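Report on one structure; see the data block that follows.
Predicted model, so just to flag it, every value in this text is computed and none were measured. Atoms within a ligand are numbered from 1 in the order they appear, just like the ligands themselves. Computed over heavy atoms, backbone and side chain alike; hydrogens, waters and symmetry mates excluded.
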Amino acid sequence: MGHIMSSTFTKTGASAKILPCSSADISFAQKTEPSGDETCTITPGSTTLQSIQLASRHLTDLKVPVVMPTETVYGLAASSLDPSAVAQIFSIKGRPADNPLIVHVSSRAMLLSLLPNTTSYSLSPAYEKLIAAFWPGPLTLLFPADPAKIPPIVTAGQPTVAIRMPSHPVARALIAHSNTPLAAPSANTSGKPSPTKAEHVWTDLGESGKVSLILDGGPCGVGVESTVVDGLKEDGDLRVLRPGGVTVEEIERVVRGGLAHGERATRVLVHRRDFEDEAMEQHPTTPGMKYLHYSPSVPVILLFTPDVSSPPESVTPTSLREVISEFLPHSNTRQKVGLMLLSNSLLAIPPETEVDFVTFDLGRRYSPTTTAQRLFDGLLTLEQQGVEMIFVEGITEEQEGLAVMNRLRKAAREVRWIQA
Ligand code: TXA
Ligand code: MG
């Protein structure tokens with residue numbers, strides 16, 4: 001980060017300030033009150049405290065968005081209670097106004113302050129279980145929206161509002177310190193891969209001064225966005241609208257736990273795998289359905305090895321070399337080609353006779369947690385390095401692999417099967 005910091009401060013233009021924050025300076029201690037909420041303490045005199053204080057002032061006094069790290073991806077945050085601050089999020093990202101935002105809270109009390117009053121709504125037992133198991137963490141839940149409490153610009157006029165409690169200490173401390181629920185989409189230009197490092201945000205929104213302040217909390221641990229779950233339907237089932245950092249397997253385990261004998265477990269349905277929804281397909285509220293998503297400025301091609309997916313009958317698998325020459329535009333100069341592969345891949349990298357390969361390691365096979373953490377970093381790093389195209393190895397759709405493949409299928413222009 002050092003070189004980026006110095007270039008920030010020697011620049012005379014209005015580039016963003018990058019402020020370092022250390023999670024080690026932040027702690028949450030249990031309060032002895034019925035809400036069970038925790039108090040946030042930040043080391044007095046630390047750089048982290050100064051950074052969070054400055055970011056808080058941007059949010060509450062200046063009413064402008066700031067960039068914060070979360071455990072999933074970096075977020076572009078503004079007060080969800082202030083429609084004009086939220087409007088700036090949409091314009092900075094170039095985000096369509098009909099795509100609603102997630103509201104981030106730091107405590108249960110803050111969650112309850114945003115919900116319709118208890119005479120008209122109370123949390124279902126399934127939600128209570130999910131909150132107990134996964135909050136703070138990468139799980140977003142839909143709740144009934146009360147327009148008197150959350151301005152309709154946040155929800156894009158939907159009858160529901162998406163809310164999560166992030167576990168990243170910097171995000172949670174910023175929400176607690178500003179005492180403000182924060183609306184925050186991923187901190188990228190709409191349609192681009194989500195940023196998982198402060199450097200990614202700097203390149204996309206910081207250098208040009210589209211944002212004024214980036215809190216740098218280091219690389220995000222999860223690397224893909226939160227899982228979005230709708231548990232508000234009449235049948236009581238949980239519908240996963242976007243697979244993410246909390247896996248479907250983990251959610252199933254939690255909802256099955258603690259059931260009385262003979263009690264039916266809540267079903268967990270994954271969009272596109274277990275259910276389709278005509279109305280939903282038309283709506284941008286199905287994350288990544290209506291709009292282009294996760295795409296770097298160069299084409300991405302998804303590659304399947306035989307252990308992950310077998311091709312449809314009409315398709316004959318080919319070699320990586322053939323696939324590269326199929327897609328790479330002809331050129332008289334040597335070109336750079338990005339390869340995002342597993343470290344113990346079954347794919348053989350062809351000799352570099354005509355092209356130069358720039359590789360990015362996605363971790364070992366069957367290590368979806370690592371692959372998820374590295375996915376967006378790989379797409380953004382290779383794009384930065386000036387490759388013509390990116391070929392990415394697909395993984396099995398289990399655990400975080402479901403979220404990884406959900407993002408890759410949207411990022412990729414084409415899919416090819418490679419022979420063993
Ligand atoms: O991990 C995350 O969720 C990150 C970090 C910053 O918290 N945020 C994030 O926000 O990914 P964004 O805006 O990039 O994606 C939020 C997705 C959108 O695709 C949106 O369609 C969906 O959540 N969403 C928001 N409100 C919704 C609602 N009321 N109903 C259905 N989907 C909703
Ligand atoms: Mg996003």
Side-chain angles (χ1 to χ4, degrees), residues 65-78 80 86 89-90 92-105 114 134-147 150 152-168 170-172 174-175 181-196 200-201 204-205 215 217 220-233 239-246 271 277 279-295 372 376 403 406-407 410-411:
V66 303
V67 175
M68 65 175 180
T70 85
E71 73 279 19
T72 56
V73 300
Y74 275 73
L76 178 60
S80 59
V86 174
I89 293 179
F90 283 91
I92 291 168
K93 280 181 63 85
R95 184 179 177 104
D98 58 0
N99 197 359
L101 305 178
I102 295 173
V103 176
H104 297 65
V105 298
L114 300 174
F134 301 117
W135 280 15
L139 176 72
T140 296
L141 297 171
L142 298 197
F143 297 93
D146 180 346
I150 296 177
I153 186 173
V154 173
T155 57
Q158 294 293 318
T160 57
V161 57
I163 303 180
R164 84 177 189 99
M165 187 191 291
S167 64
H168 197 298
V170 174
R172 214 175 149 201
L174 181 63
I175 302 162
L182 300 179
S186 48
N188 53 280
T189 301
S190 222
K192 294 277 160 202
S194 300
T196 58
H200 300 155
V201 185
D204 186 7
L205 304 173
L215 294 181
C220 300
V222 176
V224 291
E225 301 88 342
S226 61
T227 307
V228 179
V229 171
D230 177 0
L232 296 178
K233 293 279 185 312
R239 288 173 171 75
V240 176
L241 305 185
R242 175 176 74 181
V246 171
H271 178 240
D277 188 325
M280 207 166 102
E281 306 297 323
Q282 304 309 319
H283 251 286
T285 47
T286 307
M289 295 308 298
K290 177 168 168 186
Y291 299 110
L292 179 75
H293 257 65
Y294 314 116
S295 305
F376 290 138
N406 169 275
R407 308 305 187 269
K410 286 169 188 158

Rounded to the nearest 0.5 angstrom, the CD1-CZ distance for Ile150 and Phe143 is 10.0 Å

Can you confirm, on distance only, whether ligand 1 has an N/O atom lying under 3.5 Å from any N/O atom belonging to His104?
yes

Pairs of nitrogen or oxygen atoms closer than 3.5 Å, one from Thr72 and one from ligand 1: do any exist?
yes

Distance col, row Leu232:CG vs Leu142:CG, nearest 0.5 angstrom, shows 6.0 Å

Using a plain distance cutoff, I'd like to know if Ser226 has any nitrogen or oxygen under 3.5 Å from a nitrogen or oxygen of ligand 1.
yes

Of the backbone atoms (N, CA, C, O) and the side-chain heavy atoms from C-beta on, which set of Leu101 has a member under 4.0 Å from an atom of ligand 1: side chain, backbone, both, or neither?
backbone

I'd like to know if the Mg ion (ligand 2) has an N/O/S atom from Ser186 within less than 2.8 Å of it, counting both backbone and side-chain atoms.
yes

So between Ala183, Ser186, Pro195, whose heavy atom ends up nearest atom 14 (O) of ligand 1?
Ser186

Less than 3.5 Å apart, any donor N or O on the side chain of Thr70 or Arg164 sitting next to an acceptor on the other?
yes

Ignoring hydrogens, just give me the one of Ala184, Gly75, Pro100 whose non-hydrogen atom is nearest atom 8 (N) of ligand 1.
Ala184

Can you measure from OG1 (Thr140) to CZ (Phe134) and round to the nearest 0.5 angstrom?
13.0 Å

Option nearest atom 15 (O) of ligand 1 (shortest heavy-atom distance, choices Glu71, Arg95, Arg242):
Arg242

Please determine whether any non-hydrogen atom of Asn99 lies less than 4.0 Å from an atom of ligand 1.
yes

Give a yes/no verdict on whether any heavy atom in Met68 is under 4.0 Å from an atom of ligand 1.
no

Going by atom types alone, do Ser186 and Glu225 pair a side-chain donor with an acceptor below 3.5 Å?
no

Quick one: does any side-chain atom of Thr227 pair with a main-chain N or O of Val246 as donor and acceptor, under 3.5 Å?
yes

One pair to check against side-chain hydrogen bond (donor to acceptor under 3.5 Å, both in side chains): Thr72 and Ser226. What are the steps and the verdict?
CA-CA 6 Å; Thr72 56; Ser226 61; 5.8 Å; no

If you round to the nearest 0.5 Å, how far is CG of Asn188 from CG of Leu205?
7.5 Å

Give the atom numbers and elements of ligand 1 that come within less than 4.0 Å of a heavy atom of Glu225.
1 (O), 2 (C), 11 (O)

